[in-house]
Amino acid sequence: MTVKYPEVWDLDVLFPGGSVSPELRVHMDNAVPKLDEFEKLSAKFEVPASADDAKSVAEVLEAVKDMMLHLRQSSAFIGCLMAQNTEDKKASLLQSESSNQSARFSSALQKIQQDLTKTDDAVWNALMEDKALKEFTFVLNEWRDKARLLLSEKEENLITALSMDGYHGWSELYDMLVGEIKIKITVDGQEKTFSVGQANNLSSHADAEVRKESYEKLEAAWTEKEDFFAKTLNSIAGFRLEVYKKRGWENPLQEPLQMNRMKQKTLDAMWGAISKNKHPFVDYLNRKAQLLGKDRLDWYDVDAPVTESTQTFSYQEGAEFILEHFKKFGPELEKFSRTAFEKGWIEAEDRPNKRPGGFCTGLPMTEESRIFMTYSGSMSNVATLAHELGHAFHSHALRPVHQINRSYAMNVAETASTFAEMIVADAAVKNAASDQEKIALLEDKVQRSVAFFMNIHSRFLFETRFYEERKKGVVPASRLNDLMEEAQMEGFGGGLKSTHPHFWASKLHFYITYVPFYNFPYTFGYLFSLSVYAKALEEGAGFEEKYMALLRDTAVMTAENLAMKHLGEDITQEAFWEKGIALCVKDAEEFISLTSSAE
Ligand SMILES: [Zn+2]
């Protein structure tokens, strides 16, 4: 007999009673003396003077780990409370308490990191050879290497202090400006007022008039305020470039590449391979235009639905579909996911007051994960569920790894999730009940390639060119529009009839100050994961062990070394990236052939 999987997650097993849980209160209170202790330890910590200090450094790292586990356990739990009920006021109070605790921990940790980086070279090398620290060599060297590229401690502290108002403040202003914009659009014969986010969502509306109107009204709204957005963007970029200049960094990509532990050569190879393979996707866009009764696609048609998937699955059916196909890939993924379904690790119920979207969060003290989403029965819900299970499986694979060695970068963060989603999306296409259904599912896949290879490529092209021009002075709105249009023409391989010149104003990602170049890691992650997936198809059932070994190493080596060690692939070469792209090209070709035979 099959077990009925719960649709509501079990949080009580972690801390019973939700935001008024006495156990959670005790846990939060316990963090205070622990933080006091840790701060004392940090203050007492000294620059290592000889190799004999290896043991004491290792002890400090253990204390770091304990603190991380303790704080993470409560912050993840509180995150779950906030998501399941957006009106839980007690949870939001707990959240600010928890972020204060994390801030205390971060500054104490920073002091330790700074001391470590001041270690004399010979002592450092001896430390890195010591048995007690061997496991942490990559992370410790990374801390040190990063610190060495910075200005003096005093200067960096000044920059951090000034950036609150002078840098991050601009990013906050952006959110305010966008929040003020209201747009009136006629939907179903009625004029309604929309926020920017809501109006953006109309880009996938079935009615071409609605898509066109929302695009035009949005463009008009951005145009009206373009000077404010140009000022904001120029200030953010100007601040960043000035800091880079003072540090002696010439390439604006230095920091984002470093954050993603990858080389410029790798990035160039990735975009090089993508640039050479635009034509199958241009063919797809043209086919889509035909299906919509046009000669070429306008910007506002890119997200238009050609046909919709109508198949629905109950939650139980969706879960079983996932498990059935995970099993074909490997026993561990299936066993792990079954446990997640059975033990109530997943919140999927469709009910009011839940936050939109989906996420997966790890509770490291109990070595569990929790997945949040709203399941309403579509194939895309099933894919999201698989995606989040992939994230949870990544944490599962990392269980034997020390907490300090688990901080993987953005470009590999989506490896396991995209991989799991791919298993399910491919199976769904194969199992489609009709050609119409198959076309809808395929389109879903190809749309993602269009987003990663075309749209995100155009964002990257725009941003690199803008930063180069910004070095020479302020770039006015009119020039930003030109740069954006050029980038979109190139990114979409000339496949569009019209572009979105004010996209630079509309996209929040350009205004995120904590993560520069919030674009290429997405494309990297997608293609990297596809390559792992291609390898899995090639090697069959025995691949899972290798796959888990790769996941375990995601935070302790560069992207180049990770691929070389576990896939035997050189990612600084275009040939590597072309293999992943080839899988996407097949989908685009199948879409074209199916839609021509269906006519
Ligand atoms: Zn994800």
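Order of appearance sets the numbers: ligands from 1, and atoms from 1 within every ligand. Throughout, residue positions are numbered sequentially from 1 according to the sequence presented.
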Please report the interatomic distance CZ(F543) to CG(L537), rounded to the nearest 0.5 Å. 9.5 Å

Between E347 and K354, does any NZ, NE, NH1 or NH2 come within less than 4.0 Å of an OD or OE carboxylate oxygen? yes

So does E388 have any N/O/S atom less than 2.8 Å away from the Zn ion (ligand 1)? no

Heteroatom of H391 nearest to the Zn ion (ligand 1) (N, O or S, atom name): NE2

Check the angle between the aromatic planes of F492 and W299 and answer parallel, tilted or perpendicular using the 30° and 60° thresholds. perpendicular

Of all the N, O or S atoms in E414, the one nearest to the Zn ion (ligand 1) is OE1

Under 2.8 Å from the Zn ion (ligand 1), is there any N, O or S atom belonging to C360? no

Are the ring centres of F77 and H27 closer than 6.0 Å? no

